[in-house]
Amino acid sequence: MSKPILAALAGQPNAGKSTVFNMLTGARQHVANYPGVTVEKKAGAFSHDGRKVDLIDLPGTYSLTSYSLEERVARDFIINENPAVIANILDASNLRRGLAFSLQLMELQAPVVLICNMMDVVEKRGVQLDLTVLSKRLGIPVVGTNAQRNEGVTQAADAIVDLAADALRAATIQVDYGPMLKHIDNIETALQGTQVDVPLRWLAIKLMENDAGARDIITNNVASPGEIFATAAQEREAFEKAHNIDPEVHAAHCRNETAEILAKACIKSAKDRGDAFSDRIDAIVCHRIMGPLVMLGVILLLYYFAIDIGYKLTEPLIGALLNIKGEILSLLPPAGIIEDPVVRSLAVWFMDSMIALLTYIPIFLILFGLIAILEDSGYMPRMAFILDRLFRNYGLHGQSTLPLILGGIYMGGCAVPGVMATKGIPDERARLATILIVPMMNCLAKVPLYVLLVSAFFSQTKTLAMFFISTVTIFMALPVAKILSVTLLKDRETAPFLMEMPTYHIPMLRTVVGRAIERTWLFLKKIVTIVAAVSVIIFALLQYPGVSQEKMNMYQTRWDKAVAKFEKQIGADNTYADALRGDGLGQFLLFAENYKQARFGVTDQAKANQVFEQFQQQNPTFAALLKPAKTDLSAKKVKRSMRRLSRTRKRLRLNMHKDRLNSSFLGQLGEALTPVTQYAGFDAKVNISLLAAFAAKESTVSTLGALYTSENAQQGLDSRIKDSGTGFTPLHALALMLFMALYPPCLATSIMVKIQSGSWKWMGFSICYQMALALGVSTLVFSGGRLLGFNGFQAMWAFYALAVAVTLVTGLYKPSPKTKQLTQKEIAA
Amino acid sequence: MDLGFHPGVRAKVLRNAPLLDPVEIMINGSLLSIRHEEARQVEVDSQ
């Protein structure tokens, strides 16, 4: 078989590019990033007529200038990779705009196949298109498709393969540049003889437009770029003087006019009613009163499906994962009596960190699926439309809505998909601001700590306290976004808010499911590997330098004493005394532990008996001790004493764990931080658990659990914290909750911040500023509250009022209109 | 401009957003939304 054909899909956003891509390649595709940038690169392959075609999906852009990153990526790919065919997907219901883009492709003298998609929409509007006329005028093959219903696939594939075989067929259409023509000719003459890989005609046009990408080509390839630039500047000036219009604007108008003539030539109907269908839906969905209500409903449904249903689905998954963990644990060196081998503790820690992350898979699948539905249906831009006014006051953008919702604007999101969803925000400043505040939303993992603290310290006012923490976060995030955007981000590029409101579509199940799986997989690939590595590092920081030999000896002595007592209690004449002497005791403890694990979660009596029988076969003597027969007095005695001994063992292990945590590197750090954190009301214990929480916030509660050990195992963690004699008050709890709300993004989110902002610097900043902010706020609340003599409840609402006030004030503040002067291009538009 | 704002094009204002800004318009048969601030830059003749 001959070499595969390299083909690229190019086109404007919302033209159905992804659908055509899926239609052609089916499931055979993979997603990566273009080297060095955050733009997604989708590649796939298909075979047709015995030829293999490698298909690349270029980013969707409205034009091929070099303004946005996407435009540059798409254009550079065409210029540098030289694909054998470019399939230009065009929204047939918006022929004129699409053709303006196609003309730019043809100017690059790329081998183009025009694929007119959404032919059904055109028909519904009562318009008839004559594609033969279009093909003749353009001089390139034109195919009509309806990708949503898989119509026209074969024809499209045919056209791609045919064109590859006959790549000399360049478009015959020429854009009529009118009076600018002679200037372009002059530049082209100046370019003669230069060694560049792009068509000179195109380069001349782009130099006339003063395009940055074209200038780069000259700088990089021509020995004396100065001369060419001088010629170009001269021609531009001459043209501008004579016609009083920016050459770039004029060029765009000319392309548009040519596109319009073409469109008119092939439209064979009296009247285009326009997108009346979407307009009718918008009359409700964007209605002044109905619109916000519909949006609220959509958000509630989103939460309901992802959180309620998603959570239910995680339960069986957790069960399955715990089973796997059990299987793996049984392969590892067994637990010691009072100290476990490091390999085992590491494996347990590692698996627990992984499980904490992997349990989110169902929620992610549902969330990503729902986002795909929102995207494909066309509703997403309507959400941005409704909320833009509000968000703009805080330096954000209408399209910040979705990331904030996903992050958990009320409660129960996840910052990872939230940060991921910022990709679509065109305004660079708003996009960065959104990335930086999404982690301040209330993600699912923060909830356990809230619940713990609220039920321990605000038990009388649970609902109010939960309402407080769920809603106060947005009042902290908005001012922060505003402050960031008028200070640190003020020099970032902004973009005019001009957004297409695409035609409403019914999303296709295949696309939705495909996208959900694809994005979840991407998450797993990128995040899980890094979290795995860091979880090992944190383990080491928590494990070493370890408990001193002195203390170890002390624990050993205490254990020996307990064993001696146990042996005395059961008596030397006990039938089982021999079996439990020396190593036998440790073996039995393990045996009992394994049995407990095997029994865990088994509710069916028959199955439980089966489990017991298995253990009986393994060791009948020990099994007799697990379920003593009525007549076996010795066994009964052992069981009773054994319970006491197990308790001692548990206590010793917990104390040792506590010692280990306190003396570990992270523990020392927690201790060292107390001079600073005491003003926020955090002692070393809290510090340690917050430090450990960086890997995953879920672990805060479990670390706290390990630190606040109690003699009485029955006592819940909430009352343990309350009664531990540390003087923890509701004010402490409030400060801790606020800290948690603002606490640095977890590891997974940090990585996502790096991916979306494209730099480690922003990731570092996002971690540091949130840390500082969190500490500042909790210090303010704790020290301020104590100074004013507030109790936790009063401090809570005082802070709430303050946050709302700051939000209102920052919202009203308008920086002097230093937004860049609109270029002539935009004014003329 | 790539979205279809060109001399001579006909635009129909459909509705304002619930918070009064931005505004939804129809141009060349397709729907766009634009902030008032930016819409101010567009020269129009009423018809």
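Quick caveat, the model's predicted, so the values are computed rather than measured. Below, read A as the first sequence line, B as the second, and so on, with proteins coming before strands; counting in each chain starts at 1. Hydrogens, waters and symmetry mates play no part in the numbers below; they use all other heavy atoms, side chains included.
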Practice task
Applying side chain to side chain contact (heavy atoms under 4.5 Å, CB included), run through Leu20(B) and Arg389(A) and close with a yes or a no.
Solution key: CA-CA 8 Å; Leu20(B) 302 181; Arg389(A) 184 64 229 272; 5.7 Å; no

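Counting all heavy atoms, side chain and backbone alike, Pro18(B) lies closest to Cys286(A) at CD-O, 3.9 Å. The two residues Ala17(B) and Ile386(A) come nearest to each other via the heavy atoms CB-CA, 4.5 Å. Considering all non-hydrogen atoms of both residues, Arg15(B) and Asp282(A) come closest at NH1-CB, 3.2 Å. The two residues Phe497(A) and Pro22(B) make their nearest non-hydrogen contact at CE2-CG, 3.5 Å. Considering every non-hydrogen atom in both Asn16(B) and Arg288(A), the closest pair reads CB-NH2, 4.4 Å.
In this structure, chain B has heavy atoms under 4.5 Å from both the backbone and the side chain of Asp279(A). Heavy-atom distances place no part of Leu95(A) under 4.5 Å from chain B, backbone and side chain included.
Here the CG atom belonging to Leu19(B) is positioned 10.0 Å from the CZ atom belonging to Arg392(A), to the nearest 0.5 angstrom. Atom-to-atom distance recorded for Asp388(A):CG and Ile34(B):CD1 is 11.5 Å, nearest 0.5 angstrom.
Counting heavy-atom pairs under 4.5 Å between each of Pro292(A), Ala283(A), Ala263(A) and chain B puts Ala283(A) at the top. Your options are Glu500(A), His287(A), Met501(A), Arg382(A), and the one with the most heavy-atom pairs under 4.5 Å with chain B is Met501(A).
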